[in-house]
Amino acid sequence: MTEIETGAGSAVRASAPPRRPLRQLLAASVGNAVEWYDWYAYTFLATHIARQVFPSGSGDSLVPLLSTFAVFAVGFFMRPVGGLLMGAIADRRGRRTALTVTILLMGGSSLLVGLTPAYASVGVLSPVVLVAARLLQGLSVGGEFAASTTFLVESAGPGRRGLFSSFQYVSTTIGQLAASGLAALLVARLSEEAMNGWGWRVPFLLGAVLGLAGFWIRRGAEETLAHRPAEAPRPGLFDALRHHPRASLLIAGITAGGTLAYYTWTSYLPTYAELETGIAKRDALLAGTLSLAFFALLQPVGGLLSDRFGRKPCLLFFGLGFALLVVPLLRALDGSFGSLLLVQGAGMVLLTGFTSVSAAVNAEVFPARVRAAGIGLPYSLTVALFGGTAPYIGTLLKELGRPGLFPWYVAVLCLCSSAVYLRLPERAHEPLDR
């Protein structure tokens, strides 16, 4: 930190990149992995939660599962609120403060899910507790992206913002793989009765412990928000939206195609392949797992390339690549394991052009004073509208007898985002406003 004089004559400490960037990277990545581990564990264990928390006396065996996924959706639409609130905390109180709040919220909500009493024991209180836990999880995940994106990019040294940015999705993918791996292990080792009785609670209780570990690591991180004089006004909750409306719309345009492609390729594609080609569920899940591991390895490569050649070439590689190739790629699925693995792998290469740089691009759009809140609301809202609805739209089009429209939907939205990328100022080699 160095001191500079403002026009009013008061000293302000100008923030430089932290002295221990690897510690900063670890603090953001470990916490982010824990956050997403907890978030995805709910998805993988939804059928077991449904049997314990929701009554099945209606005679329709789908009612409990549908109720469980409805709770999942409630958490998803809490993410914009979390992005706004936690982003405001990050801008007012510091990035590290916001990151410790989000990890404690996620650890607490994970513990709450793990301790949710069965419906048979407490009646309607059971789903009420689960809904409350899922609301807290949504709040935490929405705030996590806003705070950790800002923290990661501000922690990077010169010429390394893209590399640090890429670890946002490295850690997200590690959390997703850990959740799916533990869920698969429990299902393989425990009887159906044990899994429905207590086994499904184990990942959430473990998530609470991991949350404490993440909290401890983050407490030792260095703050990246520049010190402000006591008399300087703190940003209001909607200052970013009020004073930077164009930047807020820009975040939405940057994100729309990317989030739809991301959730299509990382979450929905195995289901899409099952519905369209009849591939065995086991083969679809294995292809999905292998492609996710490949995806995590690609992220630092994409980040480094963006630091050298700029963000726009990477974004256009993704946007135009998906717009041109998503339809032929999905049509290439023929029901074999090999075709699905190749299609997923090719999509992951294209998708890396967006995911590896999105954190850096978002952070470079807003000034430091409102950066976290400025990113949090439009990003989380766009993810909820386009990313979170991808599986539902795909399934709905299948039910309506028009499954072939879904690839075109993805292509058109990626083309729209590409138009935004073309007009995006290139800031990869400019200093970051601090």
Side-chain angles (χ1 to χ4, degrees), residues 33-79 81-82 101-144 175-176 178-215 267 281 285 384 388 391-392:
V34 172
E35 289 267 354
W36 287 99
Y37 161 85
D38 287 336
W39 178 260
Y40 279 113
Y42 184 96
T43 307
F44 296 129
L45 296 165
T47 55
H48 302 285
I49 296 172
R51 294 187 182 103
Q52 289 293 306
V53 176
F54 294 97
S56 55
S58 66
D60 185 349
S61 61
L62 284 179
V63 169
L65 185 58
L66 288 172
S67 300
T68 311
F69 280 120
V71 176
F72 177 80
V74 166
F76 222 106
F77 281 90
M78 277 298 292
R79 288 172 63 171
V81 179
V101 171
T102 59
I103 198 74
L104 286 176
L105 275 175
M106 183 56 84
S109 59
S110 185
L111 180 64
L112 197 56
V113 174
L115 297 178
T116 298
Y119 186 90
S121 301
V122 297
V124 73
L125 181 62
S126 178
V128 168
V129 171
L130 185 66
V131 168
R134 197 60 186 174
L135 288 172
L136 288 176
Q137 282 191 328
L139 198 70
S140 175
V141 166
E144 174 69 18
Q176 186 174 358
S180 64
L182 181 56
L185 179 64
L186 288 169
V187 169
R189 295 290 182 178
L190 297 179
S191 67
E192 185 75 8
E193 182 181 0
M195 194 66 203
N196 290 331
W198 58 269
W200 66 270
R201 300 179 185 273
V202 172
F204 297 103
L205 298 177
L206 177 61
V209 176
L210 292 174
L212 288 176
F215 171 76
S267 299
K281 187 177 184 67
L285 291 176
Y392 301 101

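What's counted below: heavy atoms across the whole structure, side chains too, no hydrogens, waters or symmetry copies.
Residues R134 and V113 have side chains not in contact (no heavy-atom distance under 4.5 Å, counting atoms from C-beta outward). Taking 4.5 Å as the limit, some side-chain heavy atom of F204 sits within range of a side-chain heavy atom of I49. Looking at Y119 and P127, their side chains come closer than 4.5 Å, going by heavy atoms from C-beta outward. A 4.5 Å side-chain heavy-atom check between F215 and L104 finds at least one atom pair inside the cut-off. The shortest distance between side-chain heavy atoms of I103 and E144 does not fall below 4.5 Å.
A distance of 10.0 Å separates CG in L139 from OG1 in T102, rounded to the nearest 0.5 Å. The distance from atom OG of S140 to atom CG of L135, rounded to the nearest 0.5 Å, is 12.5 Å. The CG atom of L205 sits 11.0 Å away from the CH2 atom of W198 when rounded to the nearest 0.5 Å. A distance of 12.0 Å separates CG in L206 from CG in L111, rounded to the nearest 0.5 Å. Note that CE of M195 is 13.5 Å distant from CZ of R189, once rounded to the nearest 0.5 Å. Distance CG/N196 to CD/E193: 8.5 Å, rounded to 0.5 Å.
Ring geometry, W39 versus W36: the interplanar angle exceeds 60°, so the pair is classed perpendicular (tilted spans 30 to 60°).
The closest donor-acceptor contact from the side chain of R79 to the backbone of G142 lies at 3.5 Å or more, if one exists at all. At distances below 3.5 Å, at least one donor-acceptor pair connects side-chain atoms of S109 with backbone N or O atoms of L105. Judged purely by atom type and a 3.5 angstrom limit, T116 has no side-chain atom pairing as donor or acceptor with the backbone of V129. In this structure, Y37 contributes its side chain and L210 its backbone to no donor-acceptor pair below 3.5 Å. Put simply, the side chain of S126 gets close to the backbone of P117: a donor and an acceptor are under 3.5 Å apart.
Looking at every heavy atom in both residues, Q176 comes nearest to S267 through NE2-OG, 4.5 Å. Taking each heavy atom of D38 and M106 in turn, the nearest pair found is OD2-CG, 3.2 Å. When all heavy atoms of L186 and G199 are compared, the closest pair comes out as CD1-O, 3.6 Å. Between A208 and G107, the shortest heavy-atom distance links the atoms CB-O, 3.6 Å.
Side-chain N/O atoms of Q137 and S110 include no donor and acceptor closer than 3.5 Å.
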